[in-house]
Amino acid sequence: MTTATKSSTRKAWAKAIIPPATEFPPTQLPIISGKIPQGLRGTLYRNGPGRLERGGVRVGHWFDGDGAILAVHFNTPQGIGGSPLSPLTKGGQGGSNATAVYRYVQTSGYLEESQADKFLYGNYGMTAPGPIWNQWLKPVKNAANTSVLALPDKLLALWEGGKPHALDLQTLETKGLDNLSGLSDNLPYSAHPKCDPKTGEIFNFGISPGINSILNIYKSDSTGKIIQTGRAILEGLPLIHDFVLAGQYLVFFIPPVRINLLSVLTGFYSYSDAMEWKPQLGTQVLIFDRETLSLVSRGETEPWFQWHFSNGYVDDRGSIVIDFVRFEDFTTNQRLKQVAAGETNTVAEGTFWQVFINPETGLAIASQQLLDRACEFPIVPPSQVGHNSRYTYLSMHRKGADIGRELYGAIACFDQHTQTLTAADLGDNRYPTEPIYAPDAENSEKGWILTVVYDGNSDTSEVWVFDSLALDSEPVCKLGLPSVIPPGFHGTWRAL
């Protein structure tokens, strides 16, 4: 197949995935339309794979790309950290009091491979290139590409299988690996920490692989310092990406995916290729006490797979209620692998579900599908984490989209009280990232939804700001970015 023919079959989003992303220094952003809300004060951080190719070779999976972080600082007209600002003058209606910076995380693997201009390490979906002994000498690179955690004095770039990297909150300068005063050499810190909005405590986990793996649980204070740990033995090596803070409980769903560790250790299979779907195992449910980090109960329910939870809480009857995006099998992994190549043909979409769990037994009492439209990246306002939240925000396909080939083209708000969905369809060839909720600094009853949009029509990226309760209205503001920000994974908001 010729290059021209190949390109013609791709959807517009591929133009943001194929070339490596271009960094830019602190830059004042132009207003394309609307006005920045007065109460929008803080920083939007986003993380995702910025480079999926090196030396003419593409990565094996979307999860393998080098992490690149975008920071958009609102209401900082004096500049960022004392650095001079580079004006962005193309188009728009002049400058704003929003500035942005985009930088790759300077991991040791990124620096080595940049100097060599070729891949040297294995990762989630690829084995180390070269002789077979490279599989043991240089097995896995910490890509720092999955999410971010904003702490009072640093930003953490998070990845599933290793320690976080600490960055400067303003300039995004990489400071290095951070053990949070509690991570020994072999303890990873996963990419979905949960922050209690009332106590400031931060909960997270990491998997120590083995024939029987160990689930390590961490409790940190508001600075990120680990102050308590717990652990539980798991059968085999499962894939656990996320978990739930629900009232006084921490809840883990362990889907029936197991990594054939022997296949990985031989060096012939990547972690992704060594994963096996075993529905006969069902979905295991582990419930921990958030105070003691001890196991309360262990149960089992029907098989499914999930990447992400939106939230959890304990209802008036004492049941744990959990909302999440549910997949019927693990085909989603194949679809995400194809994204790295710039073209997908696999239909593997999750839908929004709710399940009720008895905390004493770990058994599911009931479950129901809340939405029948394909969606992902569910979030709730940070003030509602662990508590009953009325609103859930999601990424979603446009109506009528070819869901086997397209990425998400809409964001939406699901109202749990009225069971209604309000969606923002961004139009042809426009692709939003995970919606991020930013509370209004002047009105606690008000909030904003921020998303970074890749516009395949103009091959540009923008920041769109919506009223959180009016996603079906025009964005209140659109800001231009200096270079294309490829589709990524997760972000956060840090208020001033």
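Because only heavy atoms are used, hydrogens play no part in the values below, and waters and symmetry mates are left out as well, while side chains stay in.
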S.K.: When you compare the side chain of Pro381 with that of Tyr393, does any pair of heavy atoms fall below 4.5 Å?
M.R.: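 The answer is yes; the side chains approach within 4.5 Å.
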S.K.: Applying salt bridge (Lys or Arg N to Asp or Glu O under 4.0 Å) as the test, list every pair that has at least one member in residues 369-385; sequence neighbours left out.
M.R.: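 Found none.
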S.K.: Just wondering, more than 12 heavy atoms not from Lys175 lying within 6.0 Å of its NZ?
M.R.: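 Yes, enclosed.
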S.K.: Quick one about Tyr121 and Glu112 (side-chain donor to acceptor, distance below 3.5 Å, no hydrogens or angles considered), yes or no?
M.R.: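 The answer is yes; a qualifying pair exists.
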S.K.: Could you pull out every donor-acceptor pair under 3.5 Å between side chains of residues 278-286 and any protein atom, sequence neighbours left out?
M.R.:
unit_1 : atom_1 : unit_2 : atom_2 : d
Thr283 : OG1    : Glu302 : O      : 2.9
Thr283 : OG1    : Trp304 : N      : 3.1

S.K.: Take Glu113 and Arg51 through the salt bridge (Lys or Arg N to Asp or Glu O under 4.0 Å) test and state the conclusion after the steps.
M.R.: CA-CA 11 Å; Glu113 291 179 340; Arg51 174 180 281 275; over 6 Å; no
S.K.: More than 12 foreign heavy atoms under 6.0 Å from CD of Glu235: is that the case here?
M.R.: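 Not more than 12 within 6.0 Å, no.
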S.K.: Which pairs, with at least one residue in residues 361-386 and sequence neighbours excluded, count as a ring-ring contact (aromatic ring centres under 6.0 Å, His included)?
M.R.: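 As it turns out, the ring-ring contact (aromatic ring centres under 6.0 Å, His included) pairs with a partner in residues 361-386, which skip direct neighbours, are His308-Phe377, Phe377-His490.
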S.K.: State whether a side-chain donor-acceptor pair under 3.5 Å links Gln369 with Thr351.
M.R.: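 Yes, Thr351 and Gln369 have a side-chain donor paired with an acceptor closer than 3.5 Å.
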S.K.: Any luck finding a side-chain donor-acceptor pair between Asn216 and Ser208 under 3.5 Å?
M.R.: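 Result is yes, a qualifying pair exists.
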S.K.: For Gln416 and Asp323, does a side-chain donor sit closer than 3.5 Å to a side-chain acceptor?
M.R.: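 There is such a pair between these side chains.
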S.K.: Does any N or O in the side chain of Thr301 come within less than 3.5 Å of the main-chain N or O of Ala364, such that one atom is a donor and the other an acceptor?
M.R.: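 Between the backbone of Ala364 and the side chain of Thr301 there is no qualifying donor-acceptor contact (under 3.5 Å).
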S.K.: Can a salt bridge be assigned to the pair Asp66 and Lys141 using a cut-off of 4.0 Å between side-chain N and carboxylate O?
M.R.: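 Between Lys141 and Asp66 there is a salt bridge, with a charged N closer than 4.0 Å to a carboxylate O.
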S.K.: Does the side chain of Val452 reach to within under 4.5 Å of the side chain of Leu44, using non-hydrogen atoms?
M.R.: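 In contact.
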S.K.: Counting heavy atoms not belonging to Gln419, are there more than 12 under 6.0 Å from its CD?
M.R.: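 Yes, because the 6.0 Å sphere around CD of Gln419 holds more than 12 heavy atoms from other groups.
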S.K.: Below 30° counts as parallel, above 60° as perpendicular, anything between as tilted: where do the rings of Tyr110 and Tyr104 land?
M.R.: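 Answer is parallel, since the angle falls under 30°.
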S.K.: One pair to check against side-chain contact (heavy atoms from CB on, under 4.5 Å): Ile207 and Ile240. What are the steps and the verdict?
M.R.: CA-CA 8 Å; Ile207 303 294; Ile240 307 176; 3.9 Å; yes
S.K.: Is it the case that atom CD in Glu445 sees more than 12 heavy atoms from other parts of the structure closer than 6.0 Å?
M.R.: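 No, not enclosed.
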S.K.: Under 3.5 Å, is there a donor on one side chain and an acceptor on the other for Thr332 and Trp307?
M.R.: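 Their side chains do contain a donor-acceptor pair, which is all the 3.5 Å distance test asks for.
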S.K.: Given 3.5 Å as the limit, does a donor-acceptor pair link the side chain of Asp289 with the main chain of Ser294, or not?
M.R.: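 No: the side chain of Asp289 does not pair with the backbone of Ser294.
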S.K.: Consider side-chain contact (heavy atoms from CB on, under 4.5 Å). Of Ile202, Ile226, Ile227, which one does Asp221 pass it with?
M.R.: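 The single option meeting the side-chain contact (heavy atoms from CB on, under 4.5 Å) with Asp221 is Ile227.
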S.K.: So that I know where these two stand, are Tyr391 and Phe414 an aromatic pair - ring centroids less than 6.0 Å apart?
M.R.: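 So the answer is no for these two rings.
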S.K.: Would a 4.5 Å heavy-atom cut-off, applied to side chains only, mark His61 and Asn123 as touching?
M.R.: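 Answer no - side chains too far apart.
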S.K.: Under 3.5 Å, is there a donor on one side chain and an acceptor on the other for Asn186 and Ser184?
M.R.: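 Yes, Ser184 and Asn186 have a side-chain donor paired with an acceptor closer than 3.5 Å.
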S.K.: Quick one: closest heavy-atom pair of Ile211 and Leu261, and the distance?
M.R.: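 That closest heavy-atom pairing would be N-CD2, 4.2 Å.
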S.K.: For Gln384 and Tyr437, does a side-chain donor sit closer than 3.5 Å to a side-chain acceptor?
M.R.: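 Judged by distance alone, the side chains do not pair up.
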S.K.: Do Arg290 and Leu245 come within less than 4.5 Å of each other through their side chains, counting heavy atoms only?
M.R.: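 Answer yes - side chains close enough.
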S.K.: Less than 3.5 Å apart, any donor N or O on the side chain of Thr99 or His73 sitting next to an acceptor on the other?
M.R.: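 No, His73 and Thr99 have no side-chain donor paired with an acceptor closer than 3.5 Å.
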S.K.: Check this for me: does any side-chain nitrogen of one of Asp242 and Lys194 sit under 4.0 Å from a carboxylate oxygen of the other?
M.R.: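 Judged by the 4.0 Å cut-off on N to carboxylate O distance, Asp242 and Lys194 do form a salt bridge.
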S.K.: Does a side chain donor of either His387 or Asn311 reach within less than 3.5 Å of an acceptor in the other side chain?
M.R.: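 No donor-acceptor contact under 3.5 Å links the two side chains.
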S.K.: Might you work through the side-chain contact (heavy atoms from CB on, under 4.5 Å) test for Phe205 and Leu215, ending with a clear yes or no?
M.R.: CA-CA 7 Å; Phe205 73 98; Leu215 172 63; 3.7 Å; yes
S.K.: Find out whether Pro439 and Trp493 are in side-chain contact, i.e. whether some heavy atom of one side chain is under 4.5 Å from a heavy atom of the other.
M.R.: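 They are in side-chain contact.
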S.K.: Thinking salt bridges, do Arg317 and Asp315 make one under a 4.0 Å N-O criterion?
M.R.: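 Yes, this pair counts.
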S.K.: ring-ring contact (aromatic ring centres under 6.0 Å, His included) for Trp277 and Phe305? Distances and angles first, verdict last.
M.R.: CA-CA 9 Å; Trp277 175 249; Phe305 182 78; 7.1 Å; no
S.K.: Does the distance from a Lys or Arg side-chain N to an Asp or Glu carboxylate O, for Arg41 and Asp440, drop under 4.0 Å?
M.R.: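 Judged by the 4.0 Å cut-off on N to carboxylate O distance, Arg41 and Asp440 do not form a salt bridge.
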S.K.: Report the C-alpha separation of Ser297 and Glu360 in whole Å, then their side-chain angles, then the decisive distance to 0.1 Å, and conclude whether the side-chain contact (heavy atoms from CB on, under 4.5 Å) test is met.
M.R.: CA-CA 6 Å; Ser297 61; Glu360 296 179 357; 6.0 Å; no
S.K.: The test is ring-ring contact (aromatic ring centres under 6.0 Å, His included); show your working for Tyr271 and Tyr124 and say whether it passes.
M.R.: CA-CA 5 Å; Tyr271 280 92; Tyr124 175 85; 7.7 Å; no
S.K.: When you check the gap from the basic side-chain N to the acidic O, do Glu173 and Arg103 get nearer than 4.0 Å?
M.R.: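 Result for this pair is no, no salt bridge flagged.
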S.K.: Examine the side chains of Trp448 and Asp467 and answer whether a donor and an acceptor come within less than 3.5 Å of each other.
M.R.: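 Absent: no donor and acceptor within the cut-off.
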S.K.: Quick check on the 6.0 Å ring-centre criterion: do Trp159 and Tyr189 meet it?
M.R.: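 Trp159 vs Tyr189: aromatic centres not under 6.0 Å.
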S.K.: Do Thr229 and Ile217 come within less than 4.5 Å of each other through their side chains, counting heavy atoms only?
M.R.: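 Answer no - side chains too far apart.
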S.K.: Assert yes or no for the condition that the ring centre distance of Phe324 to Phe253 is strictly below 6.0 Å.
M.R.: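 Ring-ring flag for Phe324/Phe253: true, centres closer than 6.0 Å.
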S.K.: Any side-chain donor paired with an acceptor under 3.5 Å for Ser272 and Asn333?
M.R.: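 Their side chains do contain a donor-acceptor pair, which is all the 3.5 Å distance test asks for.
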S.K.: Rounded to the nearest 0.5 Å, how far apart are CG of Asn75 and CG of Asn97?
M.R.: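 That separation rounds to 4.5 Å.
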S.K.: Is it the case that atom CZ in Arg231 sees more than 12 heavy atoms from other parts of the structure closer than 6.0 Å?
M.R.: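 Count not over threshold, so no.
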S.K.: Indicate yes or no: does Asp178 engage Lys163 in a salt bridge with an N to O separation below 4.0 Å.
M.R.: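 Not counted as a salt bridge, because no side-chain N and carboxylate O are separated by less than 4.0 Å.
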S.K.: Do Val264 and Ile259 come close enough that some side-chain heavy atom pair is under 4.5 Å?
M.R.: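 Counting from C-beta outward, Val264 and Ile259 do come under 4.5 Å.
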S.K.: Within the structure provided, determine whether Tyr218 and Phe203 are in side-chain contact (heavy-atom separation under 4.5 Å).
M.R.: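 Side-chain contact under 4.5 Å: no.
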S.K.: Go through the steps for Val380 and Val385 under the test side-chain contact (heavy atoms from CB on, under 4.5 Å), then give the verdict.
M.R.: CA-CA 7 Å; Val380 298; Val385 170; 4.2 Å; yes
S.K.: Is the count of non-hydrogen atoms from other residues, nucleotides or ligands lying under 6.0 Å from Tyr269 atom OH greater than 12?
M.R.: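 12 or below, so no.
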S.K.: Let me confirm one number: the NZ-OG distance from Lys337 to Ser270, rounded to the nearest 0.5 Å.
M.R.: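 Output value for this atom pair is 6.5 Å.
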